[in-house]
Amino acid sequence: MKKTSIIMVFCLLAVVALVLTAGCTCTGGAPPSEQKSISIGYVLWDSEIASTNVIKQVFEQAGYDVTITAVDTAPLFEGLAKGDIDCSVSGWLPVTQNVYWEKYGDRIDLVRKNLEGGAFIGLVVPSYVTVDSVEDLNDPVVREKFGGKVYGIDPGSGTMHTAEKLIEAYDLDYELVPSSTAGMVSALKRGIDRNEWVVVTGWTPHWKFARWDLKFLDEPRDVFGKNEYIATFARQGLAEDDPEAYGILERFHWTAEDMNSVMLDIEEGMTPEDAAQKWIDAHPEEVKAWIGIAA
């Protein structure tokens with residue numbers, strides 16, 4: 001074959017290859033190099049499981065490949081500060097996670113408050129308990145009825161840090177028992193089932209207030225603070241790297257009632273994914289607004 005003919009064959013093959021490549025469509029949407037992705041960190045509180053699964057599906061509707069990772073509070077803040085995690089909707093401020101905000105906040109963007117009103121943390125007891133204030137806990141009879149224990153959650157959480165401060169502030173002769181959210185709820189349920197006195201670290205929004213008749217103990221020194229809000233955090237640089245994702249985070253907000261509905265569905269047996277999908281299916285206009293789709 002002549003040299004000129006060989007060159008023409010190679011040129012023709014190259015053109016065919018380019019046409020085939022241009023005509024190829026990937027079943028997953030955008031080509032891998034153009035796939036939008038985002039990572040979301042969260043703490044294993046029932047409230048944050050609910051909100052994280054909702055925002056995950058919102059991002060998926062916007063075309064993102066989403067990774068959600070459950071971590072303790074300290075690694076969550078550290079991951080955001082280092083840029084290893086893109087965002088989180090699990091920030092409780094100004095008190096609960098303040099110890100971590102003071103350490104890492106100058107390296108994290110506080111995007112917005114995603115839930116205001118109805119967010120509160122403190123010591124929780126069944127309503128049949130006849131004391132109403134933290135100041136009453138050191139009464140010898142009261143302490144004996146509570147067994148001298150406050151049942152808490154994971155030891156690295158902001159809630160437990162604040163509970164330790166509260167015990168010190170009121171000079172309470174109580175053991176703060178670390179566990180997990182599930183462990184705390186289990187201790188609460190066990191006490192209620194036996195009609196015993198039990199005190200736990202608790203917060204609202206949370207499904208337990210719909211399941212049982214509970215109350216917060218008054219706390220005159222406001223160690224836990226009066227009103228918390230739940231914040232959306234982002235790693236620094238996300239707004240520049242991905243304005244679309246940052247815009248979704250800026251628009252995402254909902255109510256305690258919204259969050260409670262998802263939590264209750266999970267508590268009653270739905271998977272977090274299914275409970276989030278149920279809420280999203282029932283609120284298409286809110287989801288469109290968060291994504292930035294005009295009505």
In residues 185-201, what donor-acceptor pairs under 3.5 Å come from side-chain atoms, sequence neighbours left out?
unit_1, atom_1, unit_2, atom_2, d
Lys189, NZ, Asp193, OD2, 2.7

Any chance the side chains of Gln277 and Asp281 put a donor and an acceptor closer than 3.5 Å?
yes
Looking at Ile291 and Ile248, what are the two nearest heavy atoms and their distance?
CA-CG1, 4.1 Å
According to a hydrophobic-cluster definition based on side-chain heavy atoms being under 4.5 Å apart (Ile, Leu, Val, Met, Phe, Trp, Tyr only), do Val223 and Leu217 belong together?
yes
Can you list everything that forms a salt bridge (Lys or Arg N to Asp or Glu O under 4.0 Å) with Glu219? Sequence neighbours excluded, please.
none
Can you sort out the partners of Arg221 under salt bridge (Lys or Arg N to Asp or Glu O under 4.0 Å), two or more places apart, ordered by chain and number?
none
Going by atom type alone, with no hydrogens or angles, which donor-acceptor pairs under 3.5 Å involve a side-chain atom of residues 59-76 and a protein atom two or more places apart or on another chain?
unit_1, atom_1, unit_2, atom_2, d
Glu60, OE2, Lys56, NZ, 2.5
Tyr64, OH, Asp242, OD1, 2.8
Tyr64, OH, Asp242, OD2, 3.0
Tyr64, OH, Ala245, N, 3.2

In residues 111-119, what donor-acceptor pairs under 3.5 Å come from side-chain atoms, sequence neighbours left out?
unit_1, atom_1, unit_2, atom_2, d
Arg112, NH1, Glu250, O, 2.9
Asn114, ND2, Val89, O, 3.4
Asn114, ND2, Ala231, O, 3.4
Asn114, ND2, Thr232, OG1, 2.9

Among all residues two or more places apart in sequence or in another chain, which pass the ring-ring contact (aromatic ring centres under 6.0 Å, His included) test with His161?
Tyr100
Closest approach of Pro94 and Asn98, non-hydrogen atoms and distance?
O-CB, 3.2 Å
Enumerate the residue pairs fulfilling salt bridge (charged side-chain N to carboxylate O under 4.0 Å, His left out) with a member in residues 163-175, sequence neighbours excluded, ordered by first and then second residue.
Arg143-Asp173
Measure the shortest side-chain to side-chain distance between Tyr174 and Asn138 over non-hydrogen atoms and say whether it is less than 4.5 angstrom.
yes
Taking only residues two or more places apart in sequence, or in another chain, which ones meet Tyr128 in a ring-ring contact (aromatic ring centres under 6.0 Å, His included)?
none
Give a yes or no on whether the backbone of Leu44 and the side-chain of Thr181 come within a donor-acceptor separation of less than 3.5 Å.
yes
Straight-line distance of Ile38 CD1 to Leu249 CG, nearest 0.5 Å:
5.5 Å
Once you round to the nearest 0.5 Å, how far does CD1 of Ile108 lie from CG of Leu80?
5.0 Å
What distance separates Glu135 CD from Tyr170 OH, expressed to the nearest 0.5 Å?
5.5 Å
Residues 259-270 side chain polar contacts: donor-acceptor under 3.5 Å, at least two apart:
unit_1, atom_1, unit_2, atom_2, d
Asn260, OD1, His206, N, 3.4
Asn260, ND2, Ala256, O, 3.3
Ser261, OG, Asp258, O, 2.6
Asp265, OD1, Lys278, NZ, 3.4
Asp265, OD2, Lys278, NZ, 3.2
Glu267, OE2, Arg211, NH1, 3.1
Glu267, OE2, Arg211, NH2, 3.4

Provide the closest heavy-atom pair for Tyr246 versus Ala234 in the form atom of the first, atom of the second, distance.
CE1-CB, 3.9 Å
Can you get from Leu166 to Val95 by hopping between Ile, Leu, Val, Met, Phe, Trp and Tyr side chains that sit under 4.5 Å apart?
no
Separation between CH2 (Trp254) and NE2 (His283), nearest 0.5 Å, reads 9.5 Å
Kindly give the heavy-atom pair with the smallest separation between Pro205 and Trp92, and that separation in Å.
CD-CH2, 4.1 Å
For Phe120, all residues meeting ring-ring contact (aromatic ring centres under 6.0 Å, His included), sequence neighbours excluded
Phe216
Measure the spacing between OG1 of Thr96 and CD1 of Ile230 and express it to the nearest 0.5 Å.
9.5 Å
Pair Gln57, Asn53 - check side chain to side chain donor-acceptor pair (under 3.5 Å), show working.
CA-CA 6 Å; Gln57 294 191 29; Asn53 276 275; 5.4 Å; no
Under a 4.0 Å threshold between the charged nitrogen and the carboxylate oxygen, would Asp241 count as salt-bridged to Arg235?
yes
Who passes ring-ring contact (aromatic ring centres under 6.0 Å, His included) against Trp101, sequence neighbours left out?
Phe233
Does His253 have more than 12 heavy atoms from other residues, nucleotides or ligands lying within 6.0 Å of its NE2?
no
NZ/Lys215 to OG/Ser127 distance, rounded to the nearest 0.5 angstrom?
6.0 Å
Cut-off 3.5 Å, no hydrogens considered: what does the side-chain donor-acceptor table look like for residues 145-158, sequence neighbours left out?
unit_1, atom_1, unit_2, atom_2, d
Ser157, OG, Asp154, O, 2.9
Ser157, OG, Met160, N, 3.2

Short question: side chain of Gln236, backbone of Asp106 - any donor-acceptor pair under 3.5 Å?
yes
Given side chains that start at C-beta, do those of Leu123 and Leu137 come closer than 4.5 Å, heavy atoms only?
yes
Polar contact flag, side-chain donor to acceptor under 3.5 angstrom, Asp136-Ser133:
no
